[in-house]
Number of protein chains: 2
Amino acid sequence: MVRTHLNRERIAQAALDFIDEHGSVSLSMRKLGTYLGVEAMAIYRHVEGREALLDCVLQRLMSGVVDGLDEALGQSWQGYLQDIAHRIRDVAIRHPKAFPLVVTQHPAAPWIRPPIRDLDLIEHLLRTLREYGLPDDMVVDVYQSFSSFLMGHLLLEAMHAGADPTAPATAIREEEAPAPAPFGRINLDTHPTVQELSGLLQRNTSEEQFEIGLEAMIDRIEANLRS
Amino acid sequence: MVRTHLNRERIAQAALDFIDEHGSVSLSMRKLGTYLGVEAMAIYRHVEGREALLDCVLQRLMSGVVDGLDEALGQSWQGYLQDIAHRIRDVAIRHPKAFPLVVTQHPAAPWIRPPIRDLDLIEHLLRTLREYGLPDDMVVDVYQSFSSFLMGHLLLEAMHAGADPTAPATAIREEEAPAPAPFGRINLDTHPTVQELSGLLQRNTSEEQFEIGLEAMIDRIEANLRS
DNA sequence: ACAGACCGAACTACACTGTAAACTTGAGGC
DNA sequence: GCCTCAAGTTTACAGTGTAGTTCGGTCTGT
């Protein structure tokens, strides 16, 4: 009986599923093996090792972003950037446990900036911006600003979304006072402002802030272009 | 002979030194033990485990930021934010291998946003902004924008600075053509734009971009305040 | 000064990790 | 029929985090 043979695709998909479910730190070759119904060492026939495996997962994660990106063209570079940004945000939100893998360095190209680690996507971005008439130094500027903006927002959003819901939220106060403070009682006395603003702090306005920040970045580029 | 007794401080400092030298992934209890001239298990008398150890390192990393922050007061909230931002950037640059630890979740407070993981610092920031007269919702907004801005910029900068200089920069081209392309020859044919812009891409303008981005963020807050 | 509590450091043990090497098996080609 | 060869398995080993236990010196109460 030949259960559909192993290959890079199937392994990457299974690893992604596993990570979505249990987190990336608890992914081990052996666990992935049993998850695939196969002996752990069989995986090494198809990927070089754990690091390469995680790289495959990342590639699979981002593969959807670059595909069908050409249809998004034809508007303006502003719309194009908005489109890419939202595509990547979708990935981050759909796979919050896997997305933080973008901070691991690409072994073959340390100069690639997360979270856009896909060379095809980088090429597409640079080329398109150029075709929209942006000068070269501005193109690189946009790429870099865009990277760090996405990095900051999406990593935070993913961490928030991927936080273990079963987290203990342990108390720091040594007393076991059952104080029903907001978000798992934290030193209410030494940090009164934090406590007072807790309501506002735990409000999730990620999406709004993402849109505002993205808009602001694009505005800034526009202003820079005109000057 | 009582070689200066172990304590949390000494352990955290040694761990930080070790990470600065060899990176955080290769820090193990046993290696830290020998690094301290002590048996690995002795460490468990002072810190609860590996996770707690890394948390100690983070605490030690950021301890310098909040100390002596009151002297930076008295100017304006703009100057205050600039000051904090530069202090944290200094940490990121001085400890590029340790800084990425900020993305690990704080176990007791998952709602804390990296890279500002120090409750004292958060309290200080929120209180100060309030004292400068910013309305509560704006205070929280600033905290969150500030976090993601620092996160994006500093993590990228740290990754860049902490990249293993002995990295192979392997070729993707199967030919072993010795093409002296910029930054470790990468698929010159399929990604011509990347290649063409390689000169601009590898230019390090992190500091400039940091200043520009920080300024822009503050301007945005000001504009938001006036409206 | 001395006895006993005490506590930090060391040792042992165990389950689990990544990975290399040798081995088994089963399908296709002569 | 046998040969080949690649995919999957088994075995092995060094290294990991950490719980449990033991040892040896220091501090304290009298």
Side-chain angles (χ1 to χ4, degrees), chain A residues 1-19 21-58 97-98 100-101 104-108 164 167-168 170, chain B residues 1-19 21-58 97-98 100-101 104-108 164 167-168 170:
Chain A
M1 170 224 183
V2 184
R3 66 169 64 260
T4 17
H5 272 39
L6 244 46
N7 56 23
R8 245 159 179 274
E9 304 272 324
R10 233 165 68 79
I11 291 176
Q13 184 59 51
L16 178 53
D17 291 345
F18 187 96
I19 289 175
E21 205 167 338
H22 305 102
S24 70
V25 294
S26 61
L27 172 69
S28 76
M29 298 307 240
R30 286 165 162 92
K31 285 183 194 159
L32 181 59
T34 65
Y35 192 82
L36 276 161
V38 111
E39 211 60 24
M41 299 320 287
I43 298 169
Y44 284 90
R45 292 277 159 191
H46 303 268
V47 318
E48 296 73 10
R50 187 171 197 270
E51 202 175 354
L53 172 65
L54 294 180
D55 221 69
C56 285
V57 172
L58 265 179
K97 296 239 183 75
L101 289 177
T104 63
Q105 204 111 237
H106 188 122
D164 191 358
T170 53
Chain B
M1 171 225 184
V2 184
R3 66 168 66 256
T4 13
H5 270 38
L6 246 45
N7 55 24
R8 244 160 180 275
E9 303 273 324
R10 233 165 68 79
I11 292 176
Q13 184 60 51
L16 178 53
D17 292 344
F18 187 97
I19 290 175
E21 205 167 338
H22 305 101
S24 68
V25 295
S26 62
L27 171 69
S28 77
M29 298 306 243
R30 288 165 160 91
K31 285 185 194 157
L32 182 59
T34 65
Y35 192 81
L36 276 162
V38 111
E39 208 62 21
M41 301 320 287
I43 298 170
Y44 284 89
R45 290 283 152 185
H46 303 270
V47 318
E48 296 73 10
R50 187 170 196 270
E51 202 174 354
L53 172 66
L54 294 180
D55 220 70
C56 285
V57 171
L58 264 178
K97 295 239 183 74
L101 289 177
T104 62
Q105 204 111 238
H106 188 124
D164 191 359
T170 53

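To find a chain, count down the sequence lines: A is the first, B the second, and so on, and within it residues start at 1.
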For this session: Check the distance between C:dA20's P and A:Met29's CE and give it to me in whole angstrom.
Result: 10 Å
Exercise. Is there a side-chain contact between B:Cys56 and B:Ile11, using heavy atoms and a 4.5 Å cut-off?
Worked result: no
Exercise. What is the distance, rounded to the nearest whole Å, between atom CG of B:Leu36 and atom C1' of C:dG8?
Worked result: 14 Å
Exercise. Which residues within residues 39-47 of chain B lie with some heavy atom under 4.0 Å of an atom in DNA chain C?
Worked result: B:Glu39, B:Met41, B:Ala42, B:Arg45, B:His46
Exercise. What is the distance, rounded to the nearest whole Å, between atom CG of A:Leu53 and atom C1' of C:dG18?
Worked result: 12 Å
For this session: Kindly write out the residues that satisfy side chain to side chain donor-acceptor pair (under 3.5 Å) with A:Arg45, not counting sequence neighbours, or none if the list is empty.
Result: none
Exercise. Want to settle it: does A:Ser28 or B:Arg30 sit nearer the 5' end of DNA chain C, counting the closest nucleotide to each?
Worked result: B:Arg30
Exercise. OP1 or OP2 of D:dG15 sitting under 4.0 Å from any side-chain N/O of B:Lys31?
Worked result: no
Exercise. Roughly how many Å is it from CD1 in B:Ile11 to P in C:dG8, rounded to a whole number?
Worked result: 11 Å
For this session: Evaluate the side-chain proximity of A:Leu53 to A:Leu27: yes if any heavy-atom separation is below 4.5 Å, no if none is.
Result: yes
For this session: Determine whether B:Thr104 and B:Glu51 make a side-chain contact, defined as any pair of heavy atoms from C-beta on separated by less than 4.5 Å.
Result: no
For this session: Using the test side chain to side chain donor-acceptor pair (under 3.5 Å), find all partners of A:Arg30 that sit at least two apart in sequence or belong to another chain.
Result: none
Seminar exercise, completed: Between the CG atom in A:Leu58 and the CG atom in A:Leu16, the distance rounded to the nearest 0.5 Å is 9.5 Å
For this session: Quickly work out the B:Glu48 CD to D:dT18 P distance and round it to whole Å.
Result: 11 Å
